[in-house]
Amino acid sequence: MRRRPDRSHALPAPAVALAAFTMIVSAVVLLSPIASTRFGWYFDDLGALAVSAGAAVGAIWRSRRSSNRALRRSWILIAIGCSSWAIGEALWCWFELGQGKDPFPSVADIGYLGFPLAAGAALLCYPASQGFPRSGQRMLDSLVAVGSLGLISWETVLRAVSGSPADSAFAFTISLTYPLTDLVVLMLVVLTLARAPGSKLALALIAAGCASLAVSDSLFAYLTATTGYTGGAVDLGWIAAFVLLGLASVAPDRSPSTGPLTEADKIRESQASLLNYLPVIAAVGVTLALAAAGHAPTVLQLGVAASIISVMLLRQYLASRRNAELATALARREAQLRHQAFHDGLTGLANRGLFQDRLAHALELHRRDLRPVSVLFFDLDDFKLVNDSLGHRAGDELLGRVAERITGAVRTGDTAARLGGDEFAVLIEDSGDPVALASRIVDALRAPFVLDGTSVEVRASIGVFELAADDVPTTADQLLINADTAMYAAKRSGKDRIVIYRNGMSLAELEDGELARALRAAIEARELNLAYQPIVDLATGKANAVEALTRWVHLGENVPPAVFIPMAERCGVMDELTAYVLGQACEQLSEWGGEVGHQHLSIAVNVPPAQITSPGFVTLVTDLVRRHELAAGQLVIEITESGAFEEPEAARTAIAEMRRHGVAISLDDFGVGQSSLAQLHSVELDSIKIDKSFIDTLDSNPRQAQFLRALLRLSYDIDVKVIVEGIERPEQLTQLLELGHPLAQGFLFARPMTPAECLPLLTGDAKLFGAAPAGALPRQGTGVSAARG
Ligand code: C2E
Ligand code: MG
Ligand code: MG
């Protein structure tokens, strides 16, 4: 789309055309020999009368149109000035054209002199011209200009007029009044322009009109006092003056700005333009020209010149000092702007832009040097409540104070950012522990905040994403999405917690929805049940161990563990679930202990590896052992998903501690995870549970039998018991018995069942299958021995 040129600040074209036409015709007539013809006189006098009367009409029209009072008054004064001058001119026409006389002084001069007086008042009234110039430099510039003009006026006009013989005191006074009032008008013009930074077109035209009239008046006074006035160029100046005033009256103009100066105004002000020096140059030029012509300057002239120079020097000094101040202010402002561009205004933390920039850089270093990168992504739990109950001001204050605590918790070099609202993020660009940092932040926020006398508790849900050295590089966006997903999981699992992102978390977490909420509620309401599946000693056919398996009936439907266990992990309620199952299982064990009448019954509880190292887990387990007075090996922790421990060292320590308290450790689903053998080697275990997938074709696949044999031999050698799970067919049992006498679990013997159903299988001499034949390998007991070290 083509943009139309903005003409709202330009003069109307017909007015410009009329003004140009008037000036051209006047110049042609007045500057040529025509001026001295009769036509020339008529043209000169009547033309000036018409133009001044036209300017008066224009000024009246302009004054009525203006909404600004000061501007209106100013235009009325201009109208009075123009009218006064037009009346003077009319009288002059009467003298010159009607009577054929050119008297000086005459009553016409009163009319003429009315103009500078009214114009001066108009300039003083002009809105921009109230008070002093807006800065010291402008004031000094005006002084220099006024001094220079005074000097020129004195040297050229005033001295000549004051020194010329006059017919009468009145004639002398009038002839001196012209240059003096003109000098005042010129000075007011200079001051008015100086007081209106970025002055508007109308004011500039008024100033130019007044200046033109003042110059012509001064020339008239000078010529009258010296060689004699003959019209011509002097009269052209008067016509030009009213043409300019007429144009000013039609110039579009808004109220001049009286607001505070902008930086740009200040800089423009401090720069001395050539315009400032024009009057000085003119004054020096005139003085030198006169000196060359033999008029040596008087002491007064030299004094004025010296004053002008001193003022100029002072002005330059002030300008350079101000420039230095401005440069410092600008540098400060630039630094401030740079800071603002990259930091959050409310909290002073890095903003999203800076955070993303640093994150992108950190990811490049990860790609190049395998440098680890971690991100914490968090927001404040129920922050909206603070805003709603205490107001947004308190909310903002809280965010600021939270940011202070976050800053106190992060290490130097970590980037803490506010991404918007109550959303924060921290970038760790080295191998610093993000979970430890997240815990520090959680701790830092624990102490209540006092806002307007109200104590406010703040909790945060933190999502952690870690990109280890050997992880596949990812994009900044994906990384943030993952951290956000982890945070979302933290929120969904009850808030006020830290959740580490795990692969596949995103979609499932989003899909869990209502079911996850129901699971959380079921755990809280202790609505989950435990089923117990016996573990059989193949040598005796008896079961004196069980595995506790959680059952959840939701809306009358059984939800399989394969669904709700991973979901519990995703939404972060695994801690609660495990604690509940452990408690229930131990209670059941105590109960059975009384009924079964021996202390060798053991119970295995499934625990995901991540939980082994979670804070408080070991204490929870050892407390249970103490509270229920369990014998060594009675409680078995079955570590599920036999994948690697995320923190192997911490896991080893936790396992050793639990074993010291008589808790046996078993590795579930052995052979499924890639690092099963490595675990066997690195962690002290009491038993392993061979996964069902290794038994499935035991009766038909000789390689599977060989593998199992080797595994049994190895485990016996390193004193680790073996439980084989998923025995469904008698053929599998036969095979197992041929291989030795491992412990076994499977539907063939018993399905997971209620405690009441299970109890008869655990008592007395109940056998779950016929007596076992002697095997090739030594038999082992079901009571898993613990606390070896
Ligand atoms: P798991 O620990 O390996 O438990 C054995 C699973 O195999 C149980 O499934 C059991 O019912 C099933 N099973 C036992 N014998 C046979 C058999 O002969 N044939 C077949 N086909 N299956 C058999 P369940 O109860 O569905 O549990 C599945 C998994 O869910 C468990 O595998 C365990 O990893 C997890 N799980 C169950 N309860 C809990 C719990 O309280 N906490 C944790 N963390 N995980 C649990
Ligand atoms: Mg298990
Ligand atoms: Mg298993």
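Ligands are counted one by one from 1 in listed order, and the atoms in each one are counted from 1 as well. All values below were derived from every heavy atom in this structure, side-chain atoms included, with hydrogens, water molecules and symmetry-related copies excluded. The residues of the chain are indexed from 1 along the displayed sequence.
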Should [X] be counted as touching ligand 1, given the test is an N or O pair under 3.5 Å?
X	answer
Asp668	yes
Asp669	yes
Met574	no

Take every heavy atom of Pro560, measure it against each atom of ligand 1, and state whether any distance is under 4.0 Å. no
Is the shortest distance from a heavy atom of Gln745 to ligand 1 less than 4.0 Å? no
Short list, please: which atoms of ligand 1 are under 4.0 Å from a heavy atom of [X]?
X	answer
Ile727	18 (O)
Glu725	3 (O), 5 (C)
Glu728	17 (C), 18 (O), 19 (N), 20 (C), 21 (N)
Pro608	44 (N)
Glu638	2 (O)
Val581	41 (O)

Would [X] and [Y] pass as an ion pair if we require N to O under 4.0 Å?
X	Y	answer
Arg418	Glu423	no
Asp696	Lys692	yes
Glu684	Arg659	yes
Arg411	Asp414	yes
Glu576	Arg497	yes

At a non-hydrogen distance cut-off of under 4.0 Å, which region of [X] contacts ligand 1 (side chain, backbone, both, or neither)?
X	value
Thr550	both
Lys689	neither
Glu547	side chain
Arg551	side chain
Arg751	neither

So, 2.8 Å as the limit: is an N/O/S atom of Ser666 located closer than that to the Mg ion (ligand 2)? no
Could you work out, for [atom], the closest of [options] by heavy-atom distance?
atom	options	result
atom 28 (C) of ligand 1	Pro561, Ala531, Gly726	Pro561
atom 43 (C) of ligand 1	Asn558, Asn606, Val563	Asn606
atom 23 (C) of ligand 1	Tyr580, Phe564, Phe747, Trp552	Phe747
atom 8 (C) of ligand 1	Leu549, Thr640, Ile639	Leu549

Nearest 10° is fine: what angle sits at the Mg ion (ligand 2) between OE2 from Glu547 and OE1 from Glu638? 90°
With the Mg ion (ligand 2) as the reference point, give the N/O/S atom of Asp668 that is nearest. OD2
If you draw the axis of the six-membered ring of Phe747, does the NZ or CZ of Arg751 fall within 45° of it and under 6.0 Å from the ring centre? yes
Establish, for the pair Arg459 and Phe383, whether the NZ or CZ atom is under 6.0 angstrom from the six-membered ring centre and no further than 45 degrees off its axis. no
Applying side-chain hydrogen bond (donor to acceptor under 3.5 Å, both in side chains), run through Ser693 and Asp691 and close with a yes or a no. CA-CA 5 Å; Ser693 56; Asp691 190 67; 2.7 Å; yes
What verdict does the side-chain hydrogen bond (donor to acceptor under 3.5 Å, both in side chains) test give for Glu638 and Ser666, after you've listed the backbone C-alpha separation in whole Å, the side-chain angles of each residue and the deciding distance to 0.1 Å? CA-CA 5 Å; Glu638 238 178 62; Ser666 181; 4.9 Å; no
Using the rule given for side-chain hydrogen bond (donor to acceptor under 3.5 Å, both in side chains), can you reason through Glu757 versus Thr754, listing the C-alpha separation, both sets of side-chain angles and the distance that settles it, and then say yes or no? CA-CA 5 Å; Glu757 290 168 333; Thr754 62; 3.2 Å; yes
Applying the salt bridge (Lys or Arg N to Asp or Glu O under 4.0 Å) criterion to Lys491, which one of Asp496, Asp484, Asp381 satisfies it? Asp381
Is there side-chain contact between Val456 and Pro448, with at least one heavy-atom pair below 4.5 Å? no
Identified side chain to side chain donor-acceptor pair (under 3.5 Å) counterpart of Gln533 within the set Glu725, Gln745, Glu547: Gln745
Establish, yes or no, whether a centroid distance under 6.0 Å links the rings of Phe377 and Phe465. no
Can you tell me the angle formed at the Mg ion (ligand 3) by OE2 of Glu725 and OD1 of Asp669, to 10°? 110°
